[in-house]
Amino acid sequence: MENMKLSREQKVELYNKMVASHPDAVQKGDTIPYTSLNGHMYSFLTKGDEVTLKLPAEERIKFIEKYKTRLAENYGIVQKEYVVVPDSLLEKTDELAPYFEISYKYVSSLKPKPTVKSKKKD
């Protein structure tokens, strides 16, 4: 699929394959598919059809250099811990799986976020 732009449907399918590559990963979200653990999101498909992964600093630098990619940007805000997965890598689930594992391990090492239920005030 060299030089062919992947459709959103193809990206969702490939994102699903990536998530399925990890036995403990659970995909959530209907319109914006994502994975999270202990309240920390570690991968998602943006509205702009980019698959992103949350990686620790050292891995993030190596990933950006190796795959000639960049930090993710959503709603005009650079998300410092997320890298954009290039389509060429997204199509190679076996090559991408170790990075998804690194992402999972990274968030599993973070302190769980407290769940907050918003209270409606009258």
Side-chain angles (χ1 to χ4, degrees):
M1 279 194 171
E2 207 61 37
N3 281 340
M4 288 200 36
K5 189 157 168 38
L6 296 173
S7 69
R8 180 159 182 92
E9 291 73 29
Q10 289 170 308
K11 287 191 181 195
V12 167
E13 201 174 300
L14 290 166
Y15 180 81
N16 293 343
K17 276 179 77 173
M18 177 188 75
V19 173
S21 74
H22 194 286
D24 298 322
V26 177
Q27 187 175 317
K28 302 168 185 177
D30 294 326
T31 52
I32 304 290
Y34 71 95
T35 55
S36 69
L37 180 68
N38 295 332
H40 297 279
M41 238 175 27
Y42 60 97
S43 77
F44 63 97
L45 180 62
T46 70
K47 280 188 186 269
D49 298 339
E50 290 181 325
V51 172
T52 64
L53 283 179
K54 184 174 193 162
L55 294 173
E58 329 76 68
E59 290 296 335
R60 208 168 33 241
I61 293 162
K62 286 192 255 178
F63 187 91
I64 287 170
E65 286 176 6
K66 182 173 182 175
Y67 295 105
K68 311 270 186 276
T69 188
R70 59 185 166 73
L71 292 174
E73 196 176 313
N74 229 350
Y75 302 104
I77 298 165
V78 174
Q79 296 178 298
K80 295 176 182 73
E81 291 189 290
Y82 291 87
V83 294
V84 173
V85 176
D87 289 358
S88 56
L89 178 59
L90 187 58
E91 293 178 290
K92 299 173 187 162
T93 305
D94 292 345
E95 190 177 336
L96 179 55
Y99 294 102
F100 189 61
E101 169 69 17
I102 289 166
S103 183
Y104 182 89
K105 280 189 172 157
Y106 176 51
V107 293
S108 68
S109 74
L110 300 174
K111 188 176 168 208
K113 283 186 177 179
T115 53
V116 179
K117 296 266 186 214
S118 61
K119 293 177 184 166
K120 290 191 175 178
K121 293 181 179 170
D122 293 323

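- Distance check: Leu71 CG to Ile77 CD1 gives 13.5 Å after rounding to the nearest 0.5 Å.
- Glu95 contributes atom CD, which lies 5.5 Å from atom NZ of Lys66 (distance to the nearest 0.5 angstrom).
- The side-chain contact (heavy atoms from CB on, under 4.5 Å) check on Ser109 picks up Tyr106, with sequence neighbours excluded.
- Here the closest non-hydrogen pair linking Glu91 and Leu14 is CG-CD1, 3.8 Å.
- Leu6 CG to Lys11 NZ: the interatomic distance, rounded to the nearest 0.5 Å, is 6.0 Å.
- Without hydrogens or angle criteria, Arg60 side chain to Lys80 main chain gives a donor-acceptor distance under 3.5 Å.
- Atom CE of residue Met41 and atom CD of residue Glu81 lie 11.5 Å apart, to the nearest 0.5 angstrom.
- The minimum heavy-atom distance between Ile32 and Leu45, with the atom names listed, is CG2-O, 3.1 Å.
- Put simply, Val85 and Val78 are part of the same group of oily side chains (I, L, V, M, F, W, Y) that touch within less than 4.5 Å, one to the next.
- Within the structure, salt bridge (Lys or Arg N to Asp or Glu O under 4.0 Å) pairs that include any residue of residues 34-53 comprise Arg8-Asp49, Glu50-Arg70 (at least two apart or interchain).
- Between the side chain of Thr69 and the backbone N or O of Val84, at least one donor-acceptor pair lies under 3.5 Å.
- Side-chain heavy atoms closer than 4.5 Å link hydrophobic residues (I, L, V, M, F, W, Y) into clusters, and following such links, even through other members, never connects Ile61 to Leu53.
- For Lys62, the salt bridge (Lys or Arg N to Asp or Glu O under 4.0 Å) partners at least two apart in sequence or on another chain are Glu59.
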Please table the atom pairs, donor to acceptor, closer than 3.5 Å between any side-chain atom in residues 96-105 and protein atoms at least two apart or in another chain.
{"from": "Glu101", "atom 1": "OE1", "to": "His22", "atom 2": "NE2", "distance (Å)": "2.6"}
{"from": "Glu101", "atom 1": "OE2", "to": "Lys105", "atom 2": "NZ", "distance (Å)": "3.4"}
{"from": "Ser103", "atom 1": "OG", "to": "Tyr42", "atom 2": "O", "distance (Å)": "3.0"}
{"from": "Ser103", "atom 1": "OG", "to": "Lys54", "atom 2": "O", "distance (Å)": "2.7"}

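- Within the 4.5 Å cutoff, the side chain of Tyr15 has heavy atoms near those of the Ser43 side chain.
- Between Ser21 and Pro23, the closest heavy-atom pair is O-CD, 4.0 Å.
- The salt bridge (Lys or Arg N to Asp or Glu O under 4.0 Å) pairs that include a residue from residues 20-40 number zero, where partners must be two or more places apart or lie in different chains.
- Every pair passing ring-ring contact (aromatic ring centres under 6.0 Å, His included) that includes a residue from residues 68-95 is listed here, sequence neighbours excluded: Phe44-Tyr82.
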